[in-house]
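The next block holds one structure in the form of structure tokens; read it before the comments.
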Amino acid sequence: MDSSLAPAAALAAVPTTGPALEDCLRLLRGERDEQKLAGLLVAANVCRASDAAAVVEVYRAVGPRFLCRLLNTGLGKVEGGKEEDREAYLRLSVTVLSGLARFPEVAADEGVVSTVPLIAEVVSKSSDPTITEECIELLSLIAIASEGGAYKFCEPGVMDMLFHQISNFPDGSRCLELAIHLVQLLVHKLRLENMAVEKLQGMTSMVTSLARLFAVLHSTVKFESLHMLTALLSQKESPLHDALRSVPSTIWKSQIRVGITAFLQNRVVSSEKLQALLLAECMMSILGENWLSEDYKVPDDRNMMPVDKFVLLVLESARIEVSVLLNELAYLKYESSKNSQRDDAISQKERNLAILFSLIERIIKTISNASSGEDASCQTIRESTIMKAITGLNETVGLVLDFLQDAKDHGQRKGDELLAAVRIVGSYLAEAPYACKEKIRHLLEYIFSVEGQDESSPFHSICFMLPMLSQITMEADGCRTLASFGGYKTVIDCLIKMTEQDGMMIDAGSMFLACDTIINFLLNMKNAHIQMDSCFVRLLQALVAWSGTANDSSVTMTASCLCTLVLDITTEEFLLSCSDFDSKTLEGLSQLIARSLHQDIPDDDREQSNQKQIILSGYRRWSDRYPRVKNIL
């Protein structure tokens with residue numbers, strides 16, 4: 001093809017009248033390539049005339065096969081084409097496709113959508129900014145026009161070709177601006193929930209490529225990369241998470257750490273720091289808490305902050321944001337005048353607080369693993385760093401408790417933000433049960449009364465405190481705290497809810513912690529003459545039902561141990577006098593205890609051995625008060 005037949009010259013000469021369109025269509029329908037090429041030169045002008053019907057006719061006349069062949073010729077994939085003609089063919093095909101794709105009906109057509117990999121290849125190989133800009137604009141039109149167009153970018157290799165070139169675009173260039181706009185379109189349009197595995201490969205390429213931009217660029221693109229990464233990674237239970245876990249290279253993980261470090265170290269607005277902290281939370285959610293403390297070995301680690309410093313940087317940044325948000329929330333809730341803007345501000349701050357609490361919970365787990373020495377990946381954290389982290393966490397948990405005290409003083413007991421506050425307190429106290437001891441002693445009754453927005457009665461707030469309660473009740477002082485406001489009855493009610501067949505989905509660990517708490521309480525308070533309450537009767541019924549449905553020796557031994565201790569504070573006569581307790585339940589209790597006494601216990605299982613001793617000792621104390629149980633045993 002002669003370069004004198006360039007599209008620009010033809011466009012200036014060809015009119016857009018009716019006869020011109022007819023001539024164009026006649027040429028495009030011709031059998032020879034020369035006719036079709038001549039028709040395309042006219043078509044480029046027709047496409048710019050903004051007549052949708054005419055454009056559709058032109059597209060149908062030329063057909064997608066010829067356009068793809070023209071693109072392949074321009075890319076040098078077709079034998080026989082002259083080297084000097086390739087650029088002209090490439091320009092012509094891109095110009096015509098761009099004109100056609102300005103009309104959504106054409107851009108959404110399967111034939112145009114099928115050109116996406118070829119156009120991406122042009123972007124990756126072209127050194128001409130004009131062609132590159134036109135190609136990226138064309139790809140954006142295809143992505144906007146249909147779902148199929150957007151998902152075409154997820155085919156293997158497409159994202160890699162695009163991002164390979166994007167990272168080479170000059171900072172501030174039109175090409176970079178258009179490319180980032182295209183990626184933003186894809187991020188907001190693609191839905192990951194039911195995406196096929198082969199399409200997920202394209203999405204992992206997008207994430208790993210964005211991670212590089214996030215790490216190396218120092219312009220507005222760095223901010224845009226952060227926002228796109230958080231949008232992609234913050235989707236809960238996304239199949240993309242599994243795909244990312246299987247990516248063999250660790251470079252992208254370290255690049256995201258480099259980018260986060262830059263945001264947290266430099267002066268950026270609070271909202272952007274929150275985005276960076278959200279991204280850190282997402283990475284820990286997807287890859288595990290070890291991501292924070294992993295000592296990644298990468299080829300160029302000049303910008304990599306040492307693990308100890310990075311852990312403290314993330315923690316301190318989160319702590320500062322939590323402190324600010326707690327103060328702002330307290331002011332908005334209890335001191336400012338009510339209006340719709342206030343309510344919107346409260347909702348946004350509560351969402352941000354939930355993100356930060358989740359991140360700090362994960363850091364608590366990381367520090368706990370590091371201090372125990374059990375996790376090899378956490379051994380990169382030095383003892384001095386662990387102590388600094390614990391000091392900081394103590395201070396933050398104290399602030400959260402002050403927030404709860406403020407809510408108590410204002411009569412506030414219901415709200416997801418309060419439940420989230422209880423959760424983070426419970427997470428920390430699970431690792432440091434005697435931290436903030438006085439504040440906890442004064443607030444525990446209130447904490448037990450906190451409800452989530454969708455709860456009809458307190459439940460999760462008690463569950464969150466069980467790890468701490470199971471530890472402090474090993475000592476008499478902790479039991480006295482629980483007894484001071486009847487808190488043990490609240491724990492019993494919580495345990496009964498867990499055992500109900502139609503209750504909520506609860507992990508077995510919480511049930512065992514609740515049992516341990518009540519067992520400790522009854523063992524340490526046996527001289528305090530605990531009054532037999534109706535909650536104990538309901539507890540016995542619940543334990544019989546729970547142990548009857550679980551084929552697990554640990555359930556049998558724990559339930560029997562707790563039942564034995566409850567039986568020690570009452571009599572058979574009293575139980576049978578209760579309207580909701582009958583001989584059938586007593587028989588179930590007897591069979592449960594019998595099973596536990598005949599349970600084979602491994603020599604190295606100290607917990608079950610201790611439980612069996614408690615059952616035997618208890619039985620000896622109360623057997624004369626339970627003739628029916630004694631007969632069965």
* To do: Check the pair K333, E350 against side-chain contact (heavy atoms from CB on, under 4.5 Å), reporting the backbone distance first and the verdict last.
  => CA-CA 11 Å; K333 280 175 172 289; E350 287 175 351; 3.2 Å; yes
I'd like to check the side-chain contact (heavy atoms from CB on, under 4.5 Å) partners of [X]; sequence neighbours left out, ordered by chain and number.
X: C282; answer: L233, S234, L278
X: R413; answer: Y446, S449
X: Q531; answer: none
X: I472; answer: P433, Y434, M468, L469

* Any chance you could lay out the salt bridge (charged side-chain N to carboxylate O under 4.0 Å, His left out) test for R441 and E438, step after step, and finish with the verdict? => CA-CA 5 Å; R441 188 165 61 84; E438 284 305 305; 2.5 Å; yes
With sequence neighbours left out, write down each residue that passes ring-ring contact (aromatic ring centres under 6.0 Å, His included) with [X], or none if nothing qualifies.
X: W622; result: Y619, Y626
X: F512; result: W546
X: H410; result: Y334

Return the set of residues passing salt bridge (charged side-chain N to carboxylate O under 4.0 Å, His left out) with [X] (not counting sequence neighbours), or none when no residue passes.
X: D624; value: K630
X: K612; value: none
X: E328; value: K349
X: E272; value: none

* **Counterpart residues, side-chain hydrogen bond (donor to acceptor under 3.5 Å, both in side chains), relative to T385 (two or more places apart)** => D308
Distance (rounded to the nearest 0.5 Å) between [X] [atom1] and [Y] [atom2]:
X: L539; Y: S534; atom1: CG; atom2: OG; answer: 11.0 Å
X: L513; Y: S470; atom1: CG; atom2: OG; answer: 4.5 Å
X: I440; Y: T481; atom1: CD1; atom2: OG1; answer: 10.5 Å
X: M283; Y: N290; atom1: CE; atom2: CG; answer: 12.5 Å
X: L418; Y: K408; atom1: CG; atom2: NZ; answer: 13.5 Å
X: L315; Y: L264; atom1: CG; atom2: CG; answer: 11.5 Å

Measuring only between side-chain heavy atoms, which start at C-beta, is [X] closer than 4.5 Å to [Y]?
X: F574; Y: F581; value: no
X: Q412; Y: E417; value: no
X: L565; Y: I518; value: no
X: R423; Y: F357; value: no
X: D406; Y: L326; value: no
X: C494; Y: F459; value: yes

* To do: Go through the steps for Q405 and K439 under the test side-chain contact (heavy atoms from CB on, under 4.5 Å), then give the verdict.
  => CA-CA 9 Å; Q405 180 68 56; K439 285 186 177 181; over 6 Å; no
* To do: List the steps, then state whether side-chain contact (heavy atoms from CB on, under 4.5 Å) holds for S285 with R362.
  => CA-CA 8 Å; S285 172; R362 296 185 185 283; 3.6 Å; yes
* To do: Answer yes or no: are there more than 12 heavy-atom neighbours, outside Q453 itself, under 6.0 Å from its atom CD?
  => yes
Judged by modelled atom types alone, do [X] and [Y] share a side-chain donor-acceptor pair under 3.5 Å?
X: Q348; Y: R351; answer: yes
X: D493; Y: T490; answer: no
X: T230; Y: Q275; answer: yes
X: Q611; Y: T558; answer: yes

* Look only at the side chain of S368 and the backbone of I364, and say whether a donor-acceptor pair between them is shorter than 3.5 Å. => no
* Asked: Which heavy atom of E361 sits nearest a heavy atom of S427, and at what distance?
  -> OE1-OG, 2.8 Å
* Could you please spell out the steps behind the side-chain contact (heavy atoms from CB on, under 4.5 Å) verdict for M557 and I615? => CA-CA 9 Å; M557 296 304 295; I615 296 166; 4.0 Å; yes
* Can we say E395 and R319 salt-bridge, meaning some charged N sits less than 4.0 Å from an Asp/Glu carboxylate O? -> yes
* Asked: Is it true that K497 and E500 make a salt bridge, defined as a side-chain N closer than 4.0 Å to a carboxylate O?
  -> no
